[in-house]
Amino acid sequence: MSTLSIIAITGTPGVGKTTIVELFSDANFTILSVKDLAKQYDCEGDFDEVTQSIDIDIHRLAEKFEADSKGDTIVDGHLSHLLDVDAIIILRCKPSILQERLAKRGYTEQKITANVEWEMIAGTWSEIIEFELDQSILELDTTNCEPGEIFVAITQWINDGYSQDSTNPRIDWLAE
């Protein structure tokens, strides 16, 4: 890449974001996580019993966030697309497989259902549309792919200058 970039890797919990992001740490990218940024910029809220996680004031974080790295940066997190980034990668996973992955993590039934439903209705896309985000977007189905395959696809997309010439239709689990 000719200029330094900040790229969000987003998607429902369990789709493989962190696994893929780890591959970029070996490729000379600066890696940031929304969770760590929320802590750094004092944008954490209370512990939410329903989601079993710390709330993040993403709007406040988006106002405060400034990438100060000296290299290309990947921001990992299911809210990363709401930060000031140059491009967005949305990782997706077939809901039935996602349900299995989240169960293996020990998520509560309520949290599994909420995340599977979010994936099924393409919740990340609805936020992108709602907030009129206009960055280049790459959407990838991680269901049956090895992390290395996803890494290669993302690297190719980055090297192609975030080309939007892809002929792949958007993923629609409801149409299956």
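When reading the values below, keep in mind they use all heavy atoms of this one structure, side chains included, and skip hydrogens, waters and symmetry mates.
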Does [X] reach the main-chain N or O of [Y] with its side chain, forming a donor-acceptor pair under 3.5 Å?
{"X": "Thr10", "Y": "His78", "result": "yes"}
{"X": "Arg101", "Y": "Pro13", "result": "no"}
{"X": "Trp157", "Y": "Ser163", "result": "yes"}
{"X": "Ser80", "Y": "Ile9", "result": "yes"}
{"X": "Glu139", "Y": "Ile171", "result": "yes"}
{"X": "Lys17", "Y": "Gly11", "result": "yes"}

With the side chain counted from C-beta on, respond yes when [X] and [Y] share a heavy-atom pair under 4.5 Å apart, and no when they do not.
{"X": "Ile154", "Y": "Phe24", "value": "yes"}
{"X": "Ile137", "Y": "Tyr162", "value": "no"}
{"X": "Leu91", "Y": "Asp141", "value": "no"}
{"X": "Ile7", "Y": "Asp86", "value": "no"}

### Message
Over 60° means perpendicular and under 30° means parallel, so tell me whether Phe131 and His59 are parallel, tilted or perpendicular.
### Response
tilted
Single-linkage hydrophobic cluster [X]~[Y], side-chain heavy atoms < 4.5 angstrom:
{"X": "Val15", "Y": "Met120", "answer": "yes"}
{"X": "Val85", "Y": "Ile56", "answer": "yes"}
{"X": "Val75", "Y": "Leu82", "answer": "yes"}
{"X": "Leu61", "Y": "Leu133", "answer": "yes"}
{"X": "Leu102", "Y": "Ile20", "answer": "yes"}

### Task
Can you run down the side chain to side chain donor-acceptor pair (under 3.5 Å) pairs that involve residues 107-117, sequence neighbours left out, and say none if there aren't any?
Arg105-Tyr107
#### Entry: Pairing residues for Ser96 by the side-chain contact (heavy atoms from CB on, under 4.5 Å) criterion, not counting sequence neighbours
Lys94
### Query
Who passes side-chain contact (heavy atoms from CB on, under 4.5 Å) against Asp172, sequence neighbours left out?
Leu174, Ala175
### Message
Distance alone, cut at 3.5 Å: any donor-acceptor contact between the side chains of Thr18 and Asp76?
### Response
yes
### Query
Are Asp160 and Gln156 close enough that a side-chain donor and a side-chain acceptor fall under 3.5 Å?
yes
### Message
Between Glu119 and Arg92, does any side-chain N to carboxylate O distance fall below 4.0 Å?
### Response
yes
